[in-house]
Q: 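Attaching a single structure in structure tokens format; questions to follow.
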Amino acid sequence: MNEGGIIRRAALLLATLLPLLWTAPSPAGQVVRMATTTSTQNSGLLERLLPPFTNATGIEVQVIAVGTGKALKMARDGDVDLVMVHAPRAERAFVDGGYGIDRRGFMENDFLLVGPASDPAGVAGARSAVDAMKRIARSHSRFVSRGDDSGTHKKERLLWTRAGTEPGGDWYLEAGQGMGRVLQMASELGAYTLTDRGTWLAHQAELDLAPLYAGGSLLANPYGIIAVNPARHPDARYREARRLIDWICGSRAQSIIRDYRVKGEPLFRPTCAD
Amino acid sequence: MESLGEAGIQALRLLLTGDPALWTIIGISFSVSLRAILIAAPVALLTAFALAYARFPGRRLLVALFNTALSIPAVVVGLTLYMLLSRAGPLGDWRLLFTQDAMIIGQILLSFPILVAMGHAAFQATDRRAWETALTLGASPWQALLTLIHEIRFGLMAALLAGFGRIIAEVGSSMMVGGNILNHTRNIPTAIALETSKGSFAQGIALGLVLLLLALILNLALLTLQGRGEVTA
Amino acid sequence: MNDAGPVLAVTGLGFSRSGRPVLRELDLALDAGRITLLTGHNGSGKSTLLRILAGLLPPDRGRWHIDGTPGSSWQEVRRSLLQRHCYLHQQPYLFDATVFDNIAYGLRRRRVPRREIAERVARALRHVSLEPLRDRPARALSGGEQQRVAIARAWVLRPRLMLLDEPVANMDKPARRRSIDLINRLAEHGIAVVVTSHDPQHGELRIRRHLHLYQGELSERRLRTEAASASH
């Protein structure tokens, strides 16, 4: 018997695998960590926006994409250095609570109501977003809700409140999933849903849904970027975070945002100059 | 929606063109999971051996606990670890959250119960005579343990493969404590989750096929390592 | 070989399992080059006694003299027992390896030089007439052949005492004769041998002493077998 043999062979295998153990590049220079929402990451904008910043400053931006609530919680706990979300009320509460500073509203896009092309609720003819929601509720047309406390879900809740209805019953489906999955569900079920424009543009081609209502300040989706308050988390990388915020409101970044296209359509409107 | 065939072609194209982004992701996947299994295996196998051969009170309870731990969802491990490692958590000062080290810890925790449970079964299937024979022929307890490992090498190899299979494919813990950061903590499963949420199903399936292919290669490599694996009566 | 004092002497050997005494204050001395037959019905503690003498099982009590040297702690006694004595299971366990590797096992663990291992294993293989099977997987051999490999594997280590648990049970006649012949030759080489059996038929086995284990106590018996084999 010779365990030596098997151990030698295992060592050989290990040696051939060894290079795999150190493939990951370690962050060489300065790093800043940013929490953002899945839909922001999925829009693809960050891949266009962040590399020029890294080139210009040598600061690498590590992006962690999660739900809005979790992104803000990470920032509150000091697990990231800044946060980029689109939930104005929650952002205000975050800043007022002393967790973040230097908030800038740097761009916006919008939400739209999509649904089956036959439009049984007549949403296309609505006078306002609130009216559109009323029509869906009145006709008991199927509606798929994110149901995950995301920014989009919060917006939807706001619209229901303004419409004076508490949605419920067979026609109202809470999915508890991401926007892409919810759009697919709505398409399969012939239901209405509220979506952000970025996800809509990315998925539109494969969906059996039509854009039915858009526009109005209620459906605006403003994005903010906030640095974690260094007074609360002294080891947060505030200087780097601050440089990123300033850069994003600079002319270079703002024009990248303006020119960004998804499937040939513009998606965001830069707002730092507003 | 793209067809599966299209996804398969895209997978091959991604692999063959040596897409650097893809290879970084593959590298991270294997680097993290290999390090996790290399750290977990020796401790887990010693634990398995102790559970099979030592007699101490609570031993059977411990075995039952390890078997139960097999069914802990990866997300729960990830969540628990997240709460420990968060700056707001008790181990926040270690600054491990959103690093590969955090992913490795998560994967060690995930693979440990499998390695112990399967290792225990393998050690239990050994003949007690093997242990006694090694000792009576003058082997030290440590040498006797190596002999025992050699006697059940196929069972232990299966345990290692099962453990590796679980962690190379798990998304819950890696996503939670790794953060899916490009070039740092994005591995194949979290990349698949990301592509799926973007609606790029073909890309997701392609990555899945890549994972499958690499797992196959690894299995074949281990098969040759085992040498002639035929059963001897 | 040195035939002077006993290879092993133990007095006051006691062992109990879950509160029930298995061995009660046994005294036992074994001489080099002698075959001792140990009988007793099933469950009388024969295997337990053998395992203790091999160093595989710690007794509750006992004072040890190994080759005339008194042992102090069980730790120390255990180490000498494991190094000097070899225990063979009723059905010997062969490692999942070739015949050669099985016989070389103990020598390799003792870090004997490679060339010496080859020589000693070759001699052992000749001794048990298994040279042609040198490179065969050991577990593919017949029961009798496996028994001989196990004996060779122990013999090659030059033990002072060999403890054989029911070595010739469940064997056909030719295999049995070969094994008995081998065991006799172990004694000729000066090795002390203990053979357990619950069967009084021992054929050609040259037994010099017969001990019977009953209710945890050893008693000396007259050698009926010697008379029987002499009459053949």
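Naming: A, B, ... by sequence-line order, numbering from 1 per chain.
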Q: Please check if atom CH2 in B/W94 has more than 12 non-hydrogen atoms from other residues, nucleotides or ligands closer than 6.0 Å.
A: no
Q: In terms of heavy-atom proximity below 4.5 Å to chain B, should A/R76 be classed as side chain, backbone, both, or neither?
A: neither
Q: Are there over 12 heavy-atom neighbours, none belonging to A/K155, within less than 6.0 Å of that residue's NZ?
A: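 Yes, enclosed.
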Q: Could you give the distance from CD1 (B/I181) to CE (A/M34), rounded to the nearest 0.5 Å?
A: 11.0 Å
Q: Taking everything shown except A/R261 itself, do over 12 heavy atoms lie less than 6.0 Å from its CZ?
A: yes
Q: Using a 6.0 Å cut-off, check whether atom CG of B/D127 has over 12 heavy atoms from anything other than its own residue.
A: yes
Q: Just so I know, are the side chains of A/D235 and B/R95 near enough to count as touching, which here means a heavy-atom distance under 4.5 Å?
A: yes
Q: Near B/M83 CE, under 6.0 Å, is it more than 12 heavy atoms from other residues, nucleotides or ligands?
A: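 No, not enclosed.
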Q: Distance from A/E47 atom CD to B/L182 atom CG, nearest 0.5 Å?
A: 7.5 Å
Q: Between chain B and each of A/G178, A/G198, A/G78, count heavy-atom pairs under 4.5 Å; write down the option with the most.
A: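 Most pairs with chain B among the choices: A/G78.
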Q: So A/R33 and B/F98, do their side chains get closer than 4.5 Å, heavy atoms only?
A: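 Yes, side chains in contact.
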Q: Testing the basics here: between A/D79 and B/S86, what is the closest heavy-atom pair and its distance to 0.1 Å?
A: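 In this case the closest contact between A/D79 and B/S86 is OD2-OG, 2.7 Å.
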Q: Check each atom of B/I149 against the heavy atoms of chain A and say whether the ones under 4.5 Å are side chain, backbone, both or neither.
A: neither
Q: Counting only heavy atoms from other residues, nucleotides and ligands, does the tally under 6.0 Å from CZ of B/R129 exceed 12?
A: yes
Q: Do you know which of B/S33, B/G178, B/A88, B/S29 has the most heavy-atom pairs under 4.5 Å to chain A?
A: B/A88
Q: Can you measure from CG (B/N180) to CD1 (A/I64) and round to the nearest 0.5 angstrom?
A: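 Reported to 0.5 Å precision, the distance equals 9.5 Å.
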Q: Mind ranking A/H233, A/Q177, A/M74 by heavy-atom pairs under 4.5 Å with chain B and telling me who comes out on top?
A: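 Between A/H233, A/Q177, A/M74, the count favours A/M74.
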